[in-house]
Amino acid sequence: MGFRLLDNDGALANSDSALFDIKPGRFEERPFFVDSIFTPQECAAITRQLDLHDLAPSRMMGEGDDGYVNLASRSSRRLAVGQALKESVFARIDAAVDKARAVFDIDARAALNREEEDLLLYGPGAGFGAHADNSRLASGPGQGTWQLALPHRKLSAVLWLSSGGEDFAGGEFRFLNIGTERDQQGICLRPRAGVLLVFPSHPWYRHQVLPITAGQRISFVGWYSCDRGAG
Ligand SMILES: O=C(O)CCC(=O)C(=O)O
Ligand SMILES: [Fe+2]
């Protein structure tokens with residue numbers, strides 16, 4: 001059975017392989033957006049400008065209070081990145097996210113603003129446990145239900161700079177809630193250098209990064225808020 005992916009114009013397209021290795025399964029009405037926005041050569045040039053040794057621990061949403069996922073589940077490291085390089089990469093990401101907004105019914109008059117970004121490096125053994133980008137699972141009353149923690153955060157964008165199966169092994173990006181519900185497989189996307197993934201930040205799109213078993217996996221992540229403005 002095929003699945004449906006969104007093509008570059010935001011239209012639904014049928015595909016059996018497209019950009020990713022995707023496990024077969026039923027595709028729910030929860031589309032996501034993919035676009036190839038850098039060539040592998042451009043990704044290599046960007047990576048060469050990064051100091052892969054200048055690392056800091058990953059931050060978590062809500063860190064300092066109670067965090068929305070177990071810190072231990074996120075073992076990637078943040079990379080420092082120069083402002084000029086960061087802005088040149090995000091200029092292209094921002095433009096693609098702007099194109100993707102129609103897919104997610106975001107009003108054309110509303111301003112999408114990038115509120116935060118990260119550059120993540122995952123080495124062998126690193127991964128990122130199941131989470132949603134704007135919500136956390138309640139503990140205490142309402143345990144097991146999702147609570148909106150960052151209500152302004154609407155869209156998440158991930159640009160992969162390295163390729164699964166070439167630069168690293170493992171490290172698939174998995175949507176837990178899309179695909180076949182019956183076997184709980186979700187949909188696994190194998191990162192490819194230069195490919196951007198855009199999806200809503202809410203818990204329908206909860207996701208995880210499976211552990212990297214060899215090599216280095218690098219991704220730029222940006223989160224966007226939406227301001228309806230006066231109109
Ligand atoms: O590195 C990735 O592919 C995803 C990262 C992610 O889910 C996040 O930073 O919230
Ligand atoms: Fe995430």
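All ligand and atom numbering here is 1-based and tracks the order in the structure.
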Identify, by name, the N, O or S atom of D133 lying closest to the Fe ion (ligand 2).
OD1
Checking distances from the Fe ion (ligand 2), one finds that the N, O or S atom of H131 closest to it is NE2
Check each atom of ligand 1 against the heavy atoms of [X] and keep those under 4.0 Å away; list them by number with element.
X    : answer
Y122 : 1 (O), 2 (C), 4 (C), 5 (C)
V158 : 2 (C), 3 (O)
H207 : 7 (O)
S219 : 1 (O), 2 (C)
D133 : 10 (O)

Can any side-chain N or O of [X] pair as donor or acceptor with the backbone N or O of [Y] at less than 3.5 Å?
X    : Y    : value
T39  : E42  : yes
S135 : P203 : no
S163 : A193 : yes

Could you tell me whether ligand 1 has any atom less than 4.0 Å away from a heavy atom of Q208?
no
Any side-chain donor-acceptor pair under 3.5 Å between D133 and H207?
yes
Taking atom types as modelled, is there a side-chain donor on Q208 or R174 under 3.5 Å from an acceptor on the other?
yes
With heavy atoms under 4.0 Å as the rule, classify the contact between [X] and ligand 1 as side chain, backbone, both or neither.
X    : value
D118 : neither
W223 : side chain
L197 : neither

Closer than 4.0 angstrom, basic N to acidic O: yes or no for D167 and R217?
no
Do S201 and K154 have side chains that get closer than 4.5 Å, going by heavy atoms?
no
Is the F199-F175 ring centre distance short of 6.0 angstrom?
yes
